[in-house]
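Okay, structure first, notes after.
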There are 2 protein chains.
Amino acid sequence: MAEATATGSTPARVTTPRRANDRDLVDSLVTVLQERINAGEIPAGSWLRQEALAKELGVSRMPVREALRELQARGSVELIANRGARVRLPSTRDIIEVYELHGLLQGHAGEAAAELITSQQLDRLAAAEELFRQSVEDLRAADDDTTTAQRHWHEANTEFHTVIIEAGGNKHLAEMYDNLHHKVPRNLTWIALGNDVRRLEKDAAEHAGILDAIGRGDPAATRALLTEHVKRASDLLVRTVDEIGQDSPPRRR
Amino acid sequence: MAEATATGSTPARVTTPRRANDRDLVDSLVTVLQERINAGEIPAGSWLRQEALAKELGVSRMPVREALRELQARGSVELIANRGARVRLPSTRDIIEVYELHGLLQGHAGEAAAELITSQQLDRLAAAEELFRQSVEDLRAADDDTTTAQRHWHEANTEFHTVIIEAGGNKHLAEMYDNLHHKVPRNLTWIALGNDVRRLEKDAAEHAGILDAIGRGDPAATRALLTEHVKRASDLLVRTVDEIGQDSPPRRR
DNA sequence: ACGACGTAGACTGGATCCATGATGGCCGAG
DNA sequence: CTCGGCCATCATGGATCCAGTCTACGTCGT
């Protein structure tokens, strides 16, 4: 009954879904939809109506269909025969499994990165670490509105781990890593940190430790620290999700 | 000029592309095309013409288009704007990277499998090992036609590693593992073994060792052996591909 | 004879149309 | 009053149609 439909309030286009300026139209649709899903703009479990999306984005149903097909291949939505596409909502088990792979990939890439990393990439890591500290300051200063802190932390976290993956040098691993975020949205982690300055500081400290290990060129330590780091984040997230899962809508029905 | 077109000689359907018997029509098309690509039936680098495929498979262009879109998301083909889809040919670097991930995932899953595996799964591993031995016998007996040996070995290898992944219990890891085979066809490994009884025996022995480690419930050994095993296969494959890459068409142009 | 421009062909990509399948409500019977 | 079946409605999935674009070939000019 109260099925949320994705036909949100945003009538205007987000980036430039219309017109195949740079590349393919379908690709841009995929990007837009993926971002909306990741941002939680389109709630998990809601149906994606082809016609509604088409009208909203100013295209016909055709490219939407192909975009949905690709999103299915990514694992972001599930296509039910003759019913339509719905946003997959990750279960607790999904989160656990995905983060396990997260840690595995990060650890592996980090081990290689400790030996392969360039000075530019090291600089980027240092900048990210700085941004982590900034985020802590933001949260301390913020009274109620924590969006700035969240944005900074999110940027820093994305950059940090992306650089490590890149520095590892395995393109296919990078691709896999990206795919993971299609299954469990990136911004979830922030929920676990839950506006808690203590936790955020701890998180920042762990990142600093990892950066240090990479800077020393210590592969084993880098792997261990990264694996630990992700594991900790996972445990925290799972605990948090379980808690809010009591009253929030983790599973309507 | 001599662009190989995928419109092969097989007019009949392979399994049942037409009719959505079990599930979706597009899905079955994806499966069929994927298998053909993996089997080398559709040569790497060749164009996939929508109309030709549609006619051959007895459907309209539409489901073919969506199937190609999904194959792109998988990484099996690349879509070039207004040009069409072409089968991606893995480079040596691709092979190295993919096999590196292969080993990583196998090792990780194997470590968990050593503790989680069920007796049924152990039976399946044992059966696979038996099939490996059968394959060796086949190759010894075969004078010229090694297809039986290859088929048995391929079945055994697929089953063996699939069971380990399954036994690891991480569904998302299993999915990732499957995706790897979309980037580098599974049957490639056979090329490396190259009808060499000695190598095949060594390969079988390694599998036996892994099975033994799992049977003992030794996670560390299982991981180590699996990683080693895949690494060895990778090195061998790369060397072989490099060799035949001299006269074969690894890169026309 | 060689190179550049123009044109024709072919293929992809988007739009519209139609049939099929599923769902939810309504009505009737037990 | 409740359960089961039938029907209307709606959305998907496939087919056909049309326009845009890229390529390749041929011709013309130098």
Side-chain angles (χ1 to χ4, degrees), chain A residues 1-7 13 16-33 42 45-73 77-88 252-253, chain B residues 1-7 13 16-33 42 45-73 77-88 252-253:
Chain A
M1 251 324 168
E3 272 305 357
T5 156
T7 315
R13 48 215 47 143
T16 46
R18 167 147 238 168
R19 298 301 302 153
N21 289 324
D22 25 3
R23 54 174 189 219
D24 202 61
L25 172 61
V26 180
D27 283 350
S28 54
L29 288 183
V30 169
T31 307
V32 170
L33 291 177
I42 303 176
S46 66
W47 290 96
L48 293 173
R49 297 268 149 255
Q50 295 182 357
E51 186 134 21
L53 288 175
K55 208 167 98 181
E56 182 186 344
L57 297 169
V59 295
S60 88
R61 269 178 52 211
M62 175 79 41
V64 175
R65 275 166 67 171
E66 297 196 36
L68 290 178
R69 176 69 57 179
E70 183 159 340
L71 287 172
Q72 183 212 26
V77 307
E78 56 180 343
L79 290 183
I80 296 144
N82 292 323
R83 291 295 312 167
R86 95 160 72 184
V87 181
R88 279 193 14 179
R252 64 188 73 205
R253 181 173 199 76
Chain B
M1 275 317 147
E3 273 305 356
T5 153
T7 314
R13 49 219 43 147
T16 45
R18 166 148 236 170
R19 295 304 304 154
N21 287 327
D22 26 2
R23 52 177 191 218
D24 203 62
L25 172 61
V26 179
D27 284 350
S28 54
L29 289 183
V30 169
T31 307
V32 171
L33 291 177
I42 303 176
S46 66
W47 292 95
L48 293 173
R49 298 272 151 247
Q50 295 181 355
E51 187 132 19
L53 289 176
K55 208 168 97 181
E56 183 186 343
L57 297 170
V59 295
S60 89
R61 270 180 52 215
M62 174 79 41
V64 174
R65 275 166 66 170
E66 296 195 36
L68 290 177
R69 175 68 58 179
E70 184 160 339
L71 287 172
Q72 183 211 25
V77 307
E78 55 181 343
L79 289 183
I80 296 144
N82 293 323
R83 286 312 321 269
R86 96 159 73 183
V87 181
R88 283 199 1 186
R252 65 189 74 206
R253 178 171 202 84

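On a predicted model such as this, the values are computed, not experimentally measured, just so you know. Labels below follow one simple rule: chain letters A, B, ... track the order of the sequence lines, proteins then strands, and each chain is numbered from 1.
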Atom pair distance, as rounded to whole Å: [atom1] in [X] and [atom2] in [N]:
| X | N | atom1 | atom2 | result |
| --- | --- | --- | --- | --- |
| A/Glu66 | D/dG14 | CD | P | 12 Å |
| B/Glu78 | C/dT12 | CD | P | 14 Å |
| B/Met62 | C/dT12 | CE | P | 13 Å |
| A/Leu68 | D/dG14 | CG | P | 14 Å |
| A/Arg61 | C/dG13 | CZ | C1' | 16 Å |
| A/Gln72 | D/dT12 | CD | P | 14 Å |
| B/Lys55 | C/dC11 | NZ | C1' | 15 Å |
| A/Ile80 | C/dG21 | CD1 | C1' | 14 Å |

Mind listing the N/O atom pairs, protein and nucleotides 7-11 of chain D, below 3.5 Å?
unit_1	atom_1	unit_2	atom_2	d
D/dA11	O3'	A/Arg49	NH1	3.1

Checklist entry - Can you list the steps and then say if B/Leu71 with B/Leu68 is a side chain to side chain contact (heavy atoms under 4.5 Å, CB included)? => result CA-CA 5 Å; B/Leu71 287 172; B/Leu68 290 177; 4.3 Å; yes
Checklist entry - What stems, by residue range, does DNA chain D take part in, given at least 3 consecutive Watson-Crick or G-U pairs under 3.5 Å? => result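 In DNA chain D, stems of three or more pairs: C:1-30 with D:1-30.
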Checklist entry - Hey, does B/Glu66 have a side-chain heavy atom less than 4.5 Å from the side chain of B/Glu70? => result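 Counting from C-beta outward, B/Glu70 and B/Glu66 never come under 4.5 Å.
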Item to check | Non-neighbouring partners of A/Arg61 that pass side chain to side chain contact (heavy atoms under 4.5 Å, CB included), sequence neighbours left out | outcome: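 Applying side chain to side chain contact (heavy atoms under 4.5 Å, CB included) to A/Arg61 gives A/Gln50, A/Glu51, A/Ala54, A/Arg65.
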Checklist entry - Salt bridge or not for A/Glu78 and A/Arg88, using N-O below 4.0 Å? => result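 No.
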Checklist entry - Which one, C/dG14, D/dA15, C/dA15, comes nearest to the side chain of B/Arg65? => result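 Closest nucleotide among those given: C/dG14.
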Next on the checklist: Please check: side-chain N/O of B/Thr31 versus main-chain N/O of B/Asp27, any donor-acceptor pairing under 3.5 Å?
Outcome noted: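 Between the backbone of B/Asp27 and the side chain of B/Thr31 there is a qualifying donor-acceptor contact (under 3.5 Å).
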Checklist entry - Can you tell me how far the CD1 atom of A/Ile80 sits from the CZ atom of A/Arg86, to the nearest 0.5 Å? => result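 It comes to 4.5 Å.
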